[in-house]
Amino acid sequence: MIGYVIAVIAAVAAAVLQTAGLSALPLPLNFLSPLLLLTAAFVATFKPGQALAAAAVGGLTLDLLTSVPPGRNLVVMVVLAAALDWLFRRVFANLSYPSFAGLTAAGFFL
């Protein structure tokens, strides 16, 4: 239970960092997504429930802090977390740095 609380707090912090801090950076750096990295890290450490919780709360926080249609970031992040979990279990089966980098790159391009 405490793992889910930590995942939710980290997701809210990542979403606030993404909207407040990273959006002001120059063009190549403003595409960084700490919420995507957090979700990929939870998936890579075999915690899919925490990854889905972090993605849902982070997507909801992004929806509240940005001017996009309601629910867009929430749906995108939950589908992305499910797709990353499927990719990690089926394609990137070993736990190594190249597989984590591939998982994060796949999440960025999805």
Side-chain angles (χ1 to χ4, degrees):
M1 184 67 183
I2 192 74
Y4 285 97
V5 173
I6 292 172
V8 165
I9 291 171
V12 169
V16 168
L17 176 69
Q18 183 172 342
T19 56
L22 295 179
S23 61
L25 292 176
L27 184 62
L29 296 177
N30 64 0
F31 286 122
L32 294 175
S33 175
L35 187 57
L36 173 65
L37 291 174
L38 181 71
T39 304
F42 279 129
V43 167
T45 55
F46 299 103
K47 297 176 183 171
Q50 291 177 2
L52 284 173
V57 172
L60 183 64
T61 306
L62 283 176
D63 281 335
L64 293 174
L65 294 176
T66 58
S67 60
V68 296
R72 188 193 76 157
N73 288 322
L74 174 68
V75 170
V76 166
M77 289 306 298
V78 168
V79 168
L80 186 67
L84 288 177
D85 185 48
W86 182 83
L87 278 173
F88 184 70
R89 294 186 188 280
R90 302 285 185 220
V91 179
F92 304 112
N94 60 351
L95 186 62
S96 64
Y97 290 119
S99 69
F100 181 71
L103 188 69
T104 306
F108 180 74
F109 289 117
L110 287 178

Quick one: are D63 and P70 in side-chain contact, heavy atoms under 4.5 Å?
-> no
How long is the span from the CG atom in L62 to the CG atom in L74, to the nearest 0.5 Å?
-> 10.0 Å
Are F46 and W86 in one and the same hydrophobic cluster, where Ile, Leu, Val, Met, Phe, Trp and Tyr link if side-chain heavy atoms are under 4.5 Å apart?
-> yes
Residues in side-chain contact (heavy atoms from CB on, under 4.5 Å) contact with I9, at least two apart in sequence or another chain | V5
Could you tell me the separation between the CG atom of L36 and the CE atom of M77, rounded to the nearest 0.5 Å?
-> 6.0 Å
Heavy atoms of A15 and G58 approach each other most closely as CB-O, 3.8 Å
Going from CG on L35 to CG on N73, what distance comes out if it is rounded to the nearest 0.5 angstrom?
-> 8.5 Å
Please list, chain by chain and in numerical order, all residues satisfying side-chain contact (heavy atoms from CB on, under 4.5 Å) with A54, sequence neighbours excluded.
-> A7, A11, L38, F42
Is L84 linked to F31 within one hydrophobic cluster, defined over Ile, Leu, Val, Met, Phe, Trp and Tyr using a side-chain heavy-atom separation of less than 4.5 Å?
-> yes
Please name all residues satisfying side-chain contact (heavy atoms from CB on, under 4.5 Å) with L65, sequence neighbours left out, ordered by chain then number.
-> V16, T19, T61
Note: A82 and L52 closest approach over all heavy atoms is N-CD2, 4.2 Å
When rounded to the nearest 0.5 angstrom, what distance separates CE in M1 from CD1 in I6?
-> 11.5 Å
Can you name the nearest heavy-atom pair linking P34 to A14, along with the distance?
-> CG-O, 3.7 Å
One should read off an interatomic distance between L37 CG and L32 CG, to the nearest 0.5 angstrom, of 7.5 Å
Just how far is it from atom NZ of K47 to atom OH of Y4, taken to the nearest 0.5 Å?
-> 10.0 Å
Taking side chain as C-beta onward, heavy atoms only, is V12 less than 4.5 Å from V57?
-> yes
Can you check whether N30 reaches L22 side chain to side chain, under 4.5 Å on heavy atoms?
-> no
